[in-house]
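See structure below.
A quick note: this is a predicted structure, and the numbers were derived from the prediction, not measured. By convention in this document, chain letters (A, B, ...) are assigned in the order of the sequence lines, proteins followed by strands, and residues within each chain are numbered from 1. Note that these values count all heavy atoms, side chains included, but never hydrogens, waters or copies made by symmetry.
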2 protein chains.
Amino acid sequence: MPKAYEEIADDLRRAIRNGELKPGARLPSEAELARQHGRSVPTIQNALRLLSAEGLIDKRHGSGTFVRRPRTRAIRDNERHQWEKDRARMPEATRAQTGATERETGLVSGDLVFFARYRELTAPSDLADAFGVPEGTVLLERTYRTRHSAETAPFNLVTSYLVRDMIAANPDLLDETNEPWPGGTQNQLHTVGIEVDRIEERFTARPPTPEEARELDLPAGTSVILLRKTSYDIHDRIVDITAVTIPGDRTELLFTTHLERW
Amino acid sequence: MPKAYEEIADDLRRAIRNGELKPGARLPSEAELARQHGRSVPTIQNALRLLSAEGLIDKRHGSGTFVRRPRTRAIRDNERHQWEKDRARMPEATRAQTGATERETGLVSGDLVFFARYRELTAPSDLADAFGVPEGTVLLERTYRTRHSAETAPFNLVTSYLVRDMIAANPDLLDETNEPWPGGTQNQLHTVGIEVDRIEERFTARPPTPEEARELDLPAGTSVILLRKTSYDIHDRIVDITAVTIPGDRTELLFTTHLERW
DNA sequence: GAGTGGTCTAGACCACTGT
DNA sequence: CAGTGGTCTAGACCACTCC
């Protein structure tokens, strides 16, 4: 026996895919769909819930149900790391010109609202393991948010961890009011004699938690990409661990791998 | 006024996060939860649906609702491309030893079931644009699936496109029965004098379509990572475009970026 | 067979949007 | 204010799992 709400969802999904229902178009009201299909409103809602979870429609309370428009804006690429390293030894005037977020989004710094908060903590077991330091080592946790001045949601959620003793030689690095730091983390590390040799980035994807959905203003039917970045210095020490939560529908990650010539 | 189903979901989410409900544990039945919270069963179902969409629980019809166990198995890294290029000129005996999937999953080829299908098509506008060739150019579409012999779902869904004229000099490349080809695509291209110079990979994430969920056997509350890979040869021609659909909860992507030394 | 989740109803009332 | 989606009920019946 075919399930009514799946059949209705299939109908609508087909109509959206083949363009009968174009992006931005309004669907018939739930009551109207119920009448058309000879079903109750809750059954229609069940069908629409499926499509919403698939990211095909947006329901707007009081207004209607609409076919979602696809979107992708920012591109995050892996050339950024070399770009940052190159800038890390440049004069402050150059470093202050533009940051990584500006580079990615193509916006100018006047359009961007920046937020940073620092906090010290003793390493819990997972972070201690990741850094290869004893549990209880003092870490500096740095939380960053950058958003477009015309929007409410930040582009992503960033939390970075440093080993406090590794950077304490420069007290400026412990003060959040120095953010945004011209030249970013690689310049900060450079001021205490650390040169970054390589960066490992690990990705997975999953549905957002309610907290992430709220902070990133994510509609139903989207995913987040979780990026865990580990920076190694030239002595193979782990000098930074950063976790980034990225909206899956707004950002594209671009990696270029150059191969050795024959 | 607080919404009943959100409050119930919050309660259960908190219990799962702080470990009161451990992975694998069974939740009380819907009827029991309804009684505990003084709500109707459909309201409980609404709450559980939220948690299911977040990937926190699995509902098993007739059996109960359980806290989901997290999982990640395969790691896909970007050293694979250089590894494949190095192998592309090796003797067949070496190339036949092991393939990219074995390398990623740590399995041996006896554990793997391989499937390939070839099809010719004339380039639609999006692919023509991507390749930079006229619309209607003949392409070879290659569809691949690899799965563990003990499982039903493949690790990912792969579709590769080649320009037919670019490879037609070697008729073996047009015959799907030659798959799995020892040494993979880079060796195939090598047989017609093509050397790959660099590979661009673009990632986004979104919820699975029903088709993807079925083919990859994805439970509710998971995401897929979409990978679009473009291979450039040493003359800067695009020689291959590949789309890969990857389960977000099973695979981790690892990229290492080496930086120039100061 | 007992217990579980899955589907569906008919209708009520509420909250939000746009005119 | 009319129309939309959001929440919730009380209960029916079905489908699946496991003992």
Side-chain angles (χ1 to χ4, degrees), chain A residues 1-13 15-16 21 24-69 152 210 213-214 217-221, chain B residues 1-13 16 21 24-68 152 210 213-214 217-221:
Chain A
M1 157 144 47
K3 282 168 269 181
Y5 77 102
E6 282 194 353
E7 286 195 334
I8 296 166
D10 287 347
D11 275 0
L12 293 168
R13 192 183 297 111
I16 291 170
L21 289 167
R26 213 191 85 172
L27 273 62
S29 74
E30 298 181 349
E32 171 62 15
L33 286 169
R35 201 192 52 72
Q36 286 177 9
H37 290 89
R39 294 289 172 175
S40 70
V41 167
T43 296
I44 300 298
Q45 289 174 323
N46 247 327
L48 295 182
R49 199 183 342 259
L50 276 188
L51 302 182
S52 181
E54 290 165 24
L56 290 176
I57 60 172
D58 284 314
K59 307 187 87 175
R60 292 183 219 150
H61 192 169
S63 171
T65 302
F66 301 82
V67 180
R68 180 175 299 176
R69 300 172 193 278
T152 57
R214 187 173 27 77
D217 196 21
L218 296 175
Chain B
M1 159 144 44
K3 282 168 271 180
Y5 77 103
E6 282 194 353
E7 287 194 333
I8 296 166
D10 287 347
D11 275 0
L12 293 169
R13 192 184 298 110
I16 292 171
L21 289 168
R26 213 193 84 173
L27 274 62
S29 75
E30 296 181 350
E32 172 63 16
L33 286 169
R35 200 191 54 72
Q36 286 176 10
H37 289 88
R39 293 290 172 175
S40 71
V41 166
T43 296
I44 299 299
Q45 290 174 323
N46 247 328
L48 295 181
R49 198 183 343 259
L50 277 188
L51 302 182
S52 180
E54 290 165 25
L56 290 177
I57 60 172
D58 285 314
K59 306 187 89 178
R60 293 182 219 151
H61 193 170
S63 169
T65 303
F66 300 82
V67 180
R68 182 176 298 178
T152 57
R214 187 173 26 78
D217 196 20
L218 297 175

Check: residues 36-44 of chain A side-chain donor-acceptor pairs under 3.5 Å, at least two apart:
unit_1: A:Gln36; atom_1: NE2; unit_2: A:Glu32; atom_2: OE2; d: 3.0
unit_1: A:His37; atom_1: ND1; unit_2: A:Leu33; atom_2: O; d: 3.1
unit_1: A:Ser40; atom_1: OG; unit_2: A:Thr43; atom_2: OG1; d: 3.3

Heavy-atom protein contacts under 4.0 Å, nucleotides 5-10 of chain C, coded B base, S sugar-phosphate only, - none: BBBSBB
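For the side-chain contact (heavy atoms from CB on, under 4.5 Å) test, residues two or more places apart in sequence or in another chain that qualify with A:Ala31 are A:Ser29.
The nearest pair of heavy atoms linking A:Ala9 to A:Leu51 is O-CD2, 3.8 Å. Closest non-hydrogen pair, B:Tyr5 versus B:Ala47, comes out as O-CB, 3.3 Å.
Two residues are said to be in side-chain contact when any heavy atoms from C-beta on lie closer than 4.5 Å; A:Arg13 and A:Asp10 meet this criterion.
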